[in-house]
Protein chains: 2
Amino acid sequence: MAQAQALSSGLQQLTHRSIAAELGVTHALVVHYEPDIESLRARTCEALLMGEFDEVVGTLNGDADPVSNLSRVIGLMSRPGREDFAGVWLDGWSLGRRDAAAARAVRAMMDRWQGLVANMLSRGTGAGVFADVDPQECAWEIIALLDGLSAHTLVGYGDPQHYSARVAAPVEARLGLARGTLNATLAPVHGPH
Amino acid sequence: MAQAQALSSGLQQLTHRSIAAELGVTHALVVHYEPDIESLRARTCEALLMGEFDEVVGTLNGDADPVSNLSRVIGLMSRPGREDFAGVWLDGWSLGRRDAAAARAVRAMMDRWQGLVANMLSRGTGAGVFADVDPQECAWEIIALLDGLSAHTLVGYGDPQHYSARVAAPVEARLGLARGTLNATLAPVHGPH
DNA sequence: CGTGGTATTGACCACATGGTCAATATGGTG
DNA sequence: CACCATATTGACCATGTGGTCAATACCACG
């Protein structure tokens, strides 16, 4: 419902009337149940980002190998067709500029991602598979790279075919991995549902 | 004028009436001279980004050392107080989602930055100072990292004090430089005017 | 002087937004 | 049945937007 609309048209286009139209009711009714549209937007944003996160985490299910974990995350985040979620992130940042609550929510989501990656990194460094980096700091760098990628996606900068490799390369260098180790050619494993 | 307003309030808040108010005239007059506000926004965005670019390029004036060049760029882009320009980038990406012309303009700006960095990289690899990377690809990665940084800036994610180091670290790793080589503690050299 | 072009205005329009409010259905419970 | 809570509506409001238009003011030039 609201989430699909936000995905395809952007959070700012999510309005009492747009929801009402899709539901086939009056906008007054929507107002009745959702009196504060700003909050609805923030919550929708949060729900969408949380959904994406959970989906990715679900994909890692059971797999404990930090290399394949990282590879999968990179593959999923740089896959073609992720433009809509990139848009949600962008809307979230935009929203966070004026709405303190939204900013807090977005930061919390970023923390989740950072934690996920940091976890992989610390497992990898512990096992001696990765170079000895500070997992927290390095996770931040990877998140920043992925966020930059989202931005690029939205204005169609660069060839999407190269996205995965372009994220993988610097991460591999940072972790002392051989070139191509992290460049998953689109993870086949069941895929997101 | 218009640029200052876009910087402080965001491109979307740049409106016929907001300009008129600041100029102390009627909004009809503004319409008379600037009939298409969308185009004004796009042009303002472009001008601002171009201004930032030129300012940074100006700072490098005469210095041919790729290491100090890169270090300065990283320092400038991750300095505290750059939130407003980060906002312009964000607005640009946002604008580019629906306005094809704006997207083209933003992509052109990204190309400029990518070219600037690629140039540094190819000089560095040529001189054997940097590891042997593909300058074009690697420049892209660095740009993505900086763009991700801009996004983080806007929602206040992470400690701004660490921004510079966090960008420097992965780049150093990628280029085979010693830790800290690129972590300029705020370039003192005259500074941007 | 007056004639013409530019600067500037106020009044207006259509449209969309968030939101309120009183008035109805509608359906279950005592 | 009567009653009450909930669902739902249409009408309305203030505000903001982009934009048009006819009417002035003003100033230079012949």
Side-chain angles (χ1 to χ4, degrees), chain A residues 1-48 84 87-106 154-155, chain B residues 1-48 84 87-88 90-106 154:
Chain A
M1 33 180 131
Q3 303 199 1
Q5 214 170 119
L7 261 184
S8 63
S9 316
L11 272 179
Q12 283 306 327
Q13 320 307 319
L14 191 65
T15 157
H16 283 140
R17 278 152 172 102
S18 79
I19 300 173
E22 186 159 357
L23 261 49
V25 296
T26 319
H27 92 275
L29 184 58
V30 179
V31 173
H32 178 70
Y33 287 108
E34 213 61 66
D36 184 350
I37 194 71
E38 277 299 312
S39 134
L40 199 243
R41 291 203 184 103
R43 273 154 39 217
T44 303
C45 177
E46 204 175 352
L48 282 168
D84 40 9
V88 176
W89 276 105
L90 192 116
D91 286 338
W93 298 324
S94 208
L95 225 138
R97 286 168 77 180
R98 279 171 227 106
D99 182 344
R104 221 176 308 126
V106 172
L154 287 171
V155 290
Chain B
M1 31 180 133
Q3 303 200 1
Q5 212 170 118
L7 261 185
S8 63
S9 317
L11 272 180
Q12 284 305 327
Q13 321 307 320
L14 190 64
T15 157
H16 283 140
R17 278 149 173 103
S18 78
I19 299 173
E22 186 159 356
L23 261 49
V25 296
T26 318
H27 90 277
L29 183 59
V30 179
V31 174
H32 177 71
Y33 286 108
E34 213 60 69
D36 184 350
I37 194 73
E38 277 298 312
S39 135
L40 198 243
R41 291 204 184 101
R43 273 153 38 217
T44 303
C45 177
E46 205 176 351
L48 282 168
D84 41 9
V88 176
L90 189 99
D91 286 338
W93 298 324
S94 209
L95 226 137
R97 285 169 78 180
R98 280 171 227 106
D99 183 344
R104 219 176 309 128
V106 173
L154 286 171

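So that the names make sense, note that chain A is the first sequence line, chain B the second, and so on, each numbered from 1.
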Salt bridge check, A:R98 against A:E38: does any charged N sit closer than 4.0 Å to a carboxylate O? no
Using a cut-off of strictly less than 4.0 Å, decide whether B:Y33 has a side-chain nitrogen or oxygen near OP1 or OP2 of C:dT6. no
Short heteroatom pairs, N/O only, protein and nucleotides 16-18 of chain D, under 3.5 Å:
residue, atom, partner, partner atom, Å
D:dG18, OP1, B:R41, NH2, 2.9
D:dG18, OP2, B:T15, OG1, 2.5
D:dG18, N7, B:R17, NH1, 2.7
D:dG18, O6, B:R17, NH2, 3.3

Given 3.5 Å as the limit, does a donor-acceptor pair link the side chain of A:S8 with the main chain of A:A4, or not? yes
Once you round it to whole Å, what is the distance between P of D:dG19 and CD of B:E38? 8 Å
So, does B:T44 use its side chain to make a donor-acceptor pair with the main chain of B:L40 at under 3.5 Å? yes
B:L29 has an atom CG; how far is it from atom P of D:dA23, in whole Å? 19 Å
Please report the distance, rounded to the nearest Å, between NE2 in A:H32 and P in D:dA5. 14 Å
Let me know the distance between CD of A:E34 and P of C:dT17, rounded to the nearest Å. 16 Å
For the side chain of B:T15 and the backbone of B:R17, is there at least one donor-acceptor N/O pair under 3.5 Å apart? yes
OP1 or OP2 of D:dG10 versus the side-chain N and O atoms of A:T26: is any pair under 4.0 Å? yes
Would you compute the distance between atom CZ of B:R43 and atom CG of B:L48 and round it to the nearest 0.5 angstrom? 12.5 Å
If you look at every heavy atom in B:C45 and B:G92, which pair is closest and at what distance? SG-CA, 3.8 Å
